[in-house]
Protein chains: 2
Amino acid sequence: MSRNTGTQPRLDPDKIVASALRIADAEGLGAITIRRLAQEHGVTPMALYRHFRDKDDLLDALAARLLADVDLPEASAEPWDRQMRGILAACLDAIRPHPTVAGLLPTRVLLSEPGLTLVERTLALLAEAGFPPEQATEVGSQALCSLVTLVTTEPGATESTDPQTRDDAIRAKRSALSALAPQRYPHVVAAADALTLCTDRDTYYELGVEFALAGIRGISAQSRPRR
Amino acid sequence: MSRNTGTQPRLDPDKIVASALRIADAEGLGAITIRRLAQEHGVTPMALYRHFRDKDDLLDALAARLLADVDLPEASAEPWDRQMRGILAACLDAIRPHPTVAGLLPTRVLLSEPGLTLVERTLALLAEAGFPPEQATEVGSQALCSLVTLVTTEPGATESTDPQTRDDAIRAKRSALSALAPQRYPHVVAAADALTLCTDRDTYYELGVEFALAGIRGISAQSRPRR
DNA sequence: ACCTGAACACCGTTCAAGT
DNA sequence: ACCTGAACACCGTTCAAGT
């Protein structure tokens with residue numbers, strides 16, 4: 001039987017974080033505001049400070065919320081690089097739906113339980129693959145970060161919610177590139193489409209994962225005798 | 001002979017950007033403020049709006065300032081991957097001194113002349129290496145972005161200027177990691193040092209460049225017949 | 001323990017005006 | 001063309017108080 005401590009809290013930190021996530025997905029990270037969150041929950045701004053030390057603490061919690069969505073595959077007998085691909089894919093699945101929030105992760109993975117679990121699994125796998133500890137930490141970090149980059153810089157990504165504004169922005173960017181002097185920037189002009197819009201998202205992300213994986217494999221091969 | 005247009009401007013946009021760069025290097029990106037820049041130049045905040053559309057426009061100029069520092073090596077007869085390494089190294093040299101500003105680049109490379117030149121050179125090289133245009137744009141972008149990640153997430157990097165505060169923050173982080181349950185997070189605990197501090201910066205960055213390079217090479221090998 | 005109210009020290013930016 | 005002055009609509013956060 002749980003004893004009632006008198007006044008039960010009216011505010012649920014998890015619901016605050018959920019609101020923050022919804023706001024960021026719709027209007028970008030910058031739209032997250034203590035005052036706005038307070039208003040949405042029918043409470044004074046200062047009420048939030050009972051549950052979060054400050055705004056940065058709230059953003060830490062938001063990052064933790066994303067990391068909790070990572071559905072890590074079980075360790076298996078597969079070769080290490082295939083397992084690594086599975087981990088990267090799981091991370092990608094978790095962050096793709098929240099492109100503006102993803103940028104919070106790189107500096108915050110070590111601050112939450114799900115983040116630590118992810119790092120532990122990654123380091124274990126890379127150790128198994130033969131990486132010395134320092135290389136494992138750097139290579140693992142770089143691979144994870146490259147997924148974040150993939151999401152935050154996906155051609156056509158914008159902070160704006162309105163699809164009309166978004167399309168206009170993309171069109172403007174593309175025509176700006178197309179209008180460049182073709183004798184000076186031939187490849188840029190030719191790639192104007194690819195630089196501004198992601199025609200096939202799945203191919204884009206698959207290639208991104210392979211890039212990170214190839215980076216890890218390359219370092220691995222390098223640090224061992226060649227023949 | 002240049003005719004005087006009457007009142008010559010008292011404000012030099014380049015000097016504003018230089019101030020912004022100095023402020024960011026010392027106190028982080030967040031310390032850049034229209035009002036503060038105005039004050040440093042003995043002028044009303046609104047005076048800046050004659051030279052920059054808004055704050056974002058000023059940040060675009062700041063990013064362009066960094067990109068202008070990239071000292072691109074001449075094209076040569078070297079193999080493409082060695083030339084690519086040269087480009088990456090040149091970029092790294094330009095952004096390492098400005099870790100907090102580096103994060104502005106990924107979304108702004110295509111907005112300035114130096115950025116466009118960099119992208120043009122990269123795309124040309126990757127085309128020469130046999131990459132189809134879409135792959136070249138994505139792989140090139142990822143490689144460049146990975147350098148930014150390297151700089152912005154260098155273990156031990158902080159926004160704070162005070163070395164005392166910085167050391168304290170690092171120490172706190174490390175002991176937090178060391179205090180974790182070793183049976184649950186054995187690799188994290190073992191790597192507590194490497195995760196919080198960069199013992200050898202040059203090795204760190206060399207490995208980072210090789211990671212990006214290996215990523216590119218790996219994709220290249222993949223998209224061609226194996227034997 | 002949990003929330004309120006008022007206040008402080010900031011922001012970016014618009015608008016109308018001066019020279 | 002270039003800068004000023006006053007104002008608007010915001011921020012995060014401290015401090016003292018209420019229940």
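This is a predicted model, so every value here is computed, not measured. Just so it is clear: chains get the letters A, B, ... in the order the sequence lines come, proteins before strands, and each one is counted from 1.
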Visitor: Is the distance from OP1 or OP2 of D/dT4 to the nearest side-chain N or O of B/Arg10 less than 4.0 Å?
Guide: yes

Visitor: Between B/Lys15 and B/Glu40, does any side-chain N to carboxylate O distance fall below 4.0 Å?
Guide: no

Visitor: Figure out the CG/P separation between B/Leu37 and C/dG12, and round it to whole Å.
Guide: 9 Å

Visitor: Please report the distance, rounded to the nearest Å, between CZ in A/Arg36 and P in D/dT13.
Guide: 18 Å

Visitor: Report the nucleotide, chosen from D/dG12, C/dT13, D/dC3, that has the shortest atom-to-atom distance to any side-chain atom of B/Val43.
Guide: D/dC3

Visitor: At under 4.0 Å, does any side-chain N or O of A/Thr33 touch on OP1 or OP2 of D/dC10?
Guide: no

Visitor: 5'-most contact on DNA chain D: B/Arg50 or A/Arg50, nearest heavy atom basis?
Guide: B/Arg50

Visitor: Would you name the heavy atoms of A/Pro13 and A/His51 that are closest together and state the gap between them?
Guide: CG-ND1, 3.7 Å

Visitor: Is the shortest distance from a Lys or Arg side-chain nitrogen in A/Arg108 or A/Asp56 to a carboxylate oxygen in the other one below 4.0 Å?
Guide: yes

Visitor: Nearest whole angstrom, please: distance from the C1' of C/dC2 to the CG of A/Asp12.
Guide: 14 Å

Visitor: Can you tell me if A/His51 touches the phosphate of C/dC3, counting only side-chain N or O atoms and a distance under 4.0 Å to OP1 or OP2?
Guide: yes

Visitor: Please check the phosphate of C/dT14 (OP1 and OP2 only) for any side-chain N or O of B/Tyr49 closer than 4.0 Å.
Guide: no

Visitor: Less than 4.0 angstrom from a charged side-chain N to a carboxylate O is my criterion; do A/Asp202 and A/Arg96 meet it?
Guide: yes

Visitor: Given the P atoms of C/dA9 and D/dA9, what is the spacing between them in whole Å?
Guide: 22 Å

Visitor: Will you find, in the side chains of B/Ser146 and B/Gln142, an N or O donor that is under 3.5 Å from an N or O acceptor?
Guide: no

Visitor: Between A/Ile34 (CD1) and D/dC10 (P), how many Å, whole number?
Guide: 17 Å

Visitor: My understanding is that a pair needs two contacts under 3.5 Å, Watson-Crick or G-U wobble. By that rule, which nucleotide pairs with C/dA1?
Guide: D/dT19

Visitor: Once you round it to whole Å, what is the distance between C1' of D/dC11 and CD of A/Gln39?
Guide: 14 Å

Visitor: Please name the nucleotide paired to D/dG12 by Watson-Crick or G-U wobble geometry with both distances under 3.5 Å, or report none.
Guide: C/dC8

Visitor: Can you tell me which nucleotide in D/dG12, C/dT4, C/dC11 comes closest to the side chain of A/Met46?
Guide: C/dT4

Visitor: In this structure, how many angstroms lie between the P atom of C/dG12 and the CZ atom of B/Arg53, rounded?
Guide: 16 Å

Visitor: Over how many whole Å does the gap from A/Leu11 atom CG to C/dA1 atom P extend?
Guide: 17 Å

Visitor: Taking the minimum atom-to-atom distance to the side chain of B/Lys55, which one of D/dC15, C/dC3, C/dT13 wins?
Guide: C/dT13

Visitor: D/dT13 C1' sits how many Å from A/Phe52 CZ, rounded?
Guide: 16 Å

